[in-house]
A.B. asks: 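Quick one: the structure is below, and I'll ask about it shortly.
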Amino acid sequence: METPLGAKKLKIFSGSVNQALAKRISAYIGKPLDGIDITRFPDGEKFVQIRESIRGCDVFVIQSTCRSPDEALMELFIMIDAMRRASAERITAVIPYFGYARQDRKDKPRVPITASLVAKLIEAAGANRVLCLDLHAAQIQGYFDIPVDHLHASPVFIKYLKGLNLPNPIVVSPDTGGVKTANWYSKQLGTGIGFVAKERRSDSEVEALNFVGDVQGKDVIMIDDMTSTCGTLVAAANILKEHGATSIRAAVSHAMLTQAGLERLAASPISELIATDSVPMATGISGYPVTILSVGELIGDAILRIHNDESVNSLFEV
Ligand code: R5P
């Protein structure tokens, strides 16, 4: 009879992108991160070596694919390859932020679908399952032919947002793509809902074309999966202010903030940006305080459940 995976040894490794989150996950699980050396050859190529035997183990490898996404991905592939060749029983790629996800369809001629390409490469490297958080589009799960557990940061956000006790809250999606998620948040918070119709002029310029809803005298909570240049959030905030919003906050799962983005926020009507720690804050940027909520416990809980072959259903709410 085969040994159940829960009886196999649990091993948790972290890539170099988000070690702070990996440590929070391991602290929640109550097990230190396992040892892996990640170095570079003089010509720039990466080298990975796992410090002890993982033969027959249930292995989780944590890597957000951001900041330098190409490097982060290559490092993830190399780690998975090393784990597969070291005879791990099962390898789960834990990807708190799954990059290259915005190119998820062919919406112009002669463009790639990078979300699909990356999914194929993760599988080709040897991952047996994927655990990720707030994908840009839930359908990206379908680019994988291995099991994908798709968590949502919503329990973490909802707890924080309820604690703010805003007098007159309303949930707004800053673009039409986020309406379904915003609708779920509005139900959880017992508020109304609105949305902004936007048009992207360039990689960093966004125009808010219209707003549907009523924010007059209301405390707006904008919900989005990610922000980078903050063009989407700020364009939406400006139109919401014009429509009479009293206060405006934004909650985004993944904050790939740039200096220009922080400066944009500082000059905007957005009083608070709330994000998770799925993406590490870039070093050397400042000018706008960001409230960071940890998803360490959420991901740690999911890892334990997957390891013990328990349902992760209750973590999937959205
Ligand atoms: C777009 O569909 C996403 O949900 C975000 O709204 C967008 O990626 C944010 O990017 P930026 O902050 O650069 O406007």
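In this text the structure is predicted, and so the values were computed from the model without any measurement. Note that ligands are numbered from 1 as they come in the structure, with each ligand's atoms numbered from 1 the same way.
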A.B. asks: Hey, does the side chain of Arg264 reach the backbone of Thr229 with a donor-acceptor pair shorter than 3.5 angstrom?
C.D. replies: yes
A.B. asks: If you count the atoms of ligand 1 from 1 in the order shown, which ones are under 4.0 Å from a heavy atom of Thr229?
C.D. replies: 11 (P), 12 (O), 13 (O), 14 (O)
A.B. asks: Would Phe157 and Ile221 count as a side chain to side chain contact (heavy atoms under 4.5 Å, CB included) here? Give the steps.
C.D. replies: CA-CA 11 Å; Phe157 281 130; Ile221 303 161; over 6 Å; no
A.B. asks: With no hydrogens and no angle check, is any side-chain donor or acceptor of Gln259 less than 3.5 Å from a backbone partner on Ser286?
C.D. replies: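 At least one qualifying donor-acceptor pair exists.
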A.B. asks: Hey, which atoms in ligand 1 end up nearer than 4.0 Å to a heavy atom of Arg102?
C.D. replies: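 Matching atoms, with element in brackets: 8 (O), 10 (O).
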A.B. asks: Consider salt bridge (charged side-chain N to carboxylate O under 4.0 Å, His left out). Of Glu71, Glu75, Glu45, which one does Arg40 pass it with?
C.D. replies: Glu71
A.B. asks: Pick, from Thr181, Thr232, Asp224, Asp104, the option with the minimum heavy-atom distance to atom 14 (O) of ligand 1.
C.D. replies: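 Closest candidate by heavy-atom distance is Thr232.
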A.B. asks: Quick check on contacts: which atoms of ligand 1 are under 4.0 angstrom from a heavy atom of Asp225?
C.D. replies: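 Those qualifying, in numeric order: 3 (C), 4 (O).
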A.B. asks: Is any N or O atom of Cys230, backbone or side chain, closer than 3.5 Å to an N or O atom of ligand 1?
C.D. replies: yes
A.B. asks: Determine, using the 4.5 Å side-chain heavy-atom cutoff (strictly less than), whether Leu121 and Ile140 are members of one ILVMFWY cluster.
C.D. replies: yes
A.B. asks: Does some non-hydrogen atom of Gly177 fall short of 4.0 Å from ligand 1?
C.D. replies: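 The answer is no: ligand 1 sits nowhere under 4.0 Å from a heavy atom of Gly177.
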A.B. asks: For ligand 1, which atoms have a heavy atom of Thr227 less than 4.0 angstrom away?
C.D. replies: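 Near Thr227, meaning under 4.0 Å from one of its heavy atoms, ligand 1 has 12 (O).
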A.B. asks: How far does CE of Met226 sit from OH of Tyr97, to the nearest 0.5 angstrom?
C.D. replies: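 So the CE of Met226 and the OH of Tyr97 are separated by 3.5 Å.
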A.B. asks: Considering only the protein, which heavy-atom contact is closest to atom 2 (O) of ligand 1, and what is its distance?
C.D. replies: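 Result for atom 2 (O) of ligand 1: His136 CE1, 3.2 Å.
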A.B. asks: Using a strict 4.0 Å cut-off to heavy atoms of Lys198, name the atoms of ligand 1 that fall inside it.
C.D. replies: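 So the answer, numbered in order with elements, is 1 (C), 6 (O).
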A.B. asks: Using the rule side-chain contact (heavy atoms from CB on, under 4.5 Å), only one of Val220, Leu161, Asp219 pairs with Leu166; which is it?
C.D. replies: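 Among the candidates, only Asp219 passes.
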A.B. asks: Strictly distance-based, threshold 3.5 Å: is any side-chain N or O of Asp34 a donor or acceptor partner for the main-chain N or O of Ile12?
C.D. replies: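 Confirmed, Asp34 side chain pairs with Ile12 backbone.
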A.B. asks: Going by distance only, is there an N or O of Asp203 that falls short of 3.5 Å from an N or O of ligand 1?
C.D. replies: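 No; the residue has no nitrogen or oxygen that sits under 3.5 Å from a nitrogen or oxygen of the ligand.
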A.B. asks: Tell me which part of Asp175 gets within contact of ligand 1: side chain, backbone, both or neither, using heavy atoms under 4.0 Å.
C.D. replies: side chain
A.B. asks: With heavy atoms under 4.0 Å as the rule, classify the contact between Arg200 and ligand 1 as side chain, backbone, both or neither.
C.D. replies: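 For Arg200, the contact with ligand 1 is made by the side chain alone.
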A.B. asks: For ligand 1, indicate whether the residue Arg264 contacts it via side chain, backbone, both or neither (heavy-atom separation under 4.0 Å).
C.D. replies: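 Within the 4.0 Å criterion, Arg264 makes no contact with ligand 1.
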A.B. asks: In this structure, which one of His152, His136, Arg102 forms a side chain to side chain donor-acceptor pair (under 3.5 Å) with Asp225?
C.D. replies: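 Option passing the side chain to side chain donor-acceptor pair (under 3.5 Å) with Asp225: His136.
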